[in-house]
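Working notes for the structure below.
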Number of protein chains: 2
Amino acid sequence: METPPAPAASLTIGQVAERTGLSVHALRFYEREGILAAPVRRTSGGGRRYSESDVEWLNLCIVLRASGMPIPDIRRYTEFVRAGAGTEPDRLALLRAHEARVLGRLAELQRSLDIVRYKVAVYEDYLEQQPAGPGL
Amino acid sequence: METPPAPAASLTIGQVAERTGLSVHALRFYEREGILAAPVRRTSGGGRRYSESDVEWLNLCIVLRASGMPIPDIRRYTEFVRAGAGTEPDRLALLRAHEARVLGRLAELQRSLDIVRYKVAVYEDYLEQQPAGPGL
DNA sequence: AGTTGATCTAGAGCCCACTCCAGCTCCTAC
DNA sequence: GTAGGAGCTGGAGTGGGCTCTAGATCAACT
């Protein structure tokens, strides 16, 4: 198999891309944007080597992005984490604010869904038995 | 009050902007993009005059946009509506496909929310009693 | 007649989050 | 040693959805 005897977990950018689903472009982009918690180690030749905890961090970033957090906010969170102990209240505040935004977004999506479903129902009724026409 | 005796409902672009929350820029943009069901009437001087049904249509467009339907898809839907009777199955298919996408998006958002809430809980616990530290 | 304010058009500009390119280096295999 | 493939950097390009500008027109008010 491919599994080495568990060395100090060192992944190339390609391997990380494969695991996370991010492109290598995106990985370098994220690094430039300053949203990696720890500086990525490099080989003598300059190649990036990611640790498992880098991958975990990226997975968090992916969740935050997927839930609509803009990169500047992720950067602020990252900076708090890098700043270490004492910034926990700031991180919590940031996460809570994000939680609230996600809740709002969920509610909005749900409202939209209700309307879309209503229109779907109208067209279904119309296509079953043509009484009048579904309007617009 | 402001209610006139219900004339042939004619609104300026500014009034429509106010009612819909869209900018006048966006209204003209949507028109250029071909996502108005009916051609907007014009005054002799070239000014747009919207009807109430234009506003209703725009409200639907807003819902579709808010739920993530891209403008080209809205345009396709609009074209079916303009094409009139016989396109109902196409419209239904389009709406059902959108419904499915919205459901998927809702599920994804919910998963992200769970993770964000987990992290919030971790930080809350940490800040109540400092046993170890919240990790990242 | 003049001023203000809304509207018009065509087209440029902006923001975001990537994405891709050129030109180079590095490692591995043959 | 050389070909291939992954990786490097800095910077340009892309796509979506608006947003804004310039310069003109128009209606209403004073």
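Worth knowing before you read on, the calculation uses all heavy atoms, side chains too, and leaves out hydrogens, waters and symmetry mates. Throughout, a chain's letter reflects where its sequence line sits, starting with A, and its residues are numbered from 1.
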Quiz item: For the pair made of CG in L11(B) and C1' in dT7(C), what is the distance, rounded to whole Å?
Solution: 15 Å
Exercise. Would you name the heavy atoms of S51(A) and R41(A) that are closest together and state the gap between them?
Key: CB-NH2, 3.9 Å
Quiz item: Just to confirm, is there a sub-4.0 Å distance from OP1 or OP2 of dC18(D) to any side-chain nitrogen or oxygen of Y30(B)?
Solution: yes
Quiz item: In whole Å, what is the span from the CD atom of E31(A) to the P atom of dT19(C)?
Solution: 17 Å
Quiz item: Among dA17(C), dC18(C), dC8(D), which is the nearest nucleotide to the side chain of A26(A)?
Solution: dC18(C)
Practice problem: Identify whether the distance between the nearest side-chain nitrogen and carboxylate oxygen of R42(A) and E31(A) falls below 4.0 Å. | Solution: yes
Exercise. Taking the side chain as every heavy atom from C-beta outward, state whether I74(A) and Y30(A) have any pair of such atoms under 4.5 Å apart.
Key: no
Exercise. Let me know, please, whether I71(B) or G47(A) comes out on the 5' side of the other along DNA chain D by nearest nucleotide.
Key: G47(A)
Practice problem: Specify the separation, in whole Å, of atom NE2 of H25(A) and atom P of dA12(D). | Solution: 17 Å
Quiz item: In whole Å, what is the span from the CD1 atom of I13(A) to the P atom of dT9(D)?
Solution: 8 Å
Exercise. Just call it for T43(A): base, sugar-phosphate, or nothing, with non-hydrogen atoms closer than 4.0 Å on any strand.
Key: nothing
Quiz item: Of the nucleotides dA27(D), dA17(C), dT19(D), which has the atom closest to the S44(B) side chain?
Solution: dA27(D)
Exercise. Check whether any side-chain N or O of R42(A) sits under 4.0 Å from OP1 or OP2 of dC26(C), and answer yes or no.
Key: no
Quiz item: So which one's nearest nucleotide on DNA chain D is more toward 5', R49(A) or R32(A)?
Solution: R49(A)
Quiz item: Are any of the side-chain nitrogens in R28(B) or E33(B) under 4.0 Å away from the carboxylate oxygens of its partner?
Solution: no
Exercise. Please report, rounded to the nearest Å, how far the P atom of dT9(D) is from the CG atom of L27(A).
Key: 12 Å
Exercise. Check whether any side-chain N or O of R48(A) sits under 4.0 Å from OP1 or OP2 of dC8(D), and answer yes or no.
Key: yes
Quiz item: Could you give the CD1-to-P distance, from I74(B) to dG17(D), as a whole number of Å?
Solution: 8 Å
Quiz item: Passes side chain to side chain donor-acceptor pair (under 3.5 Å), Y123(B) versus R91(A)? Steps please.
Solution: CA-CA 8 Å; Y123(B) 275 108; R91(A) 301 183 216 169; 2.9 Å; yes
Quiz item: Can you find a side chain N or O atom of R28(A) that sits less than 4.0 Å from OP1 or OP2 on dC8(D)?
Solution: yes
Quiz item: Rounding to a whole Å, what distance do you find between F29(A):CZ and dA17(C):C1'?
Solution: 5 Å
Quiz item: Does OP1 or OP2 of dT7(C) have a side-chain N or O of T12(B) closer than 4.0 Å?
Solution: yes
Quiz item: Taking only N and O in the side chain of R65(A), is any of them less than 4.0 Å away from OP1 or OP2 of dA17(C)?
Solution: yes
Quiz prompt | Residue P72(B), side-chain atoms from C-beta onward, closest of dC8(C), dG17(D), dC18(C) | solution = dG17(D)
Practice problem: Please report, rounded to the nearest Å, how far the P atom of dC16(C) is from the CZ atom of R75(A). | Solution: 10 Å
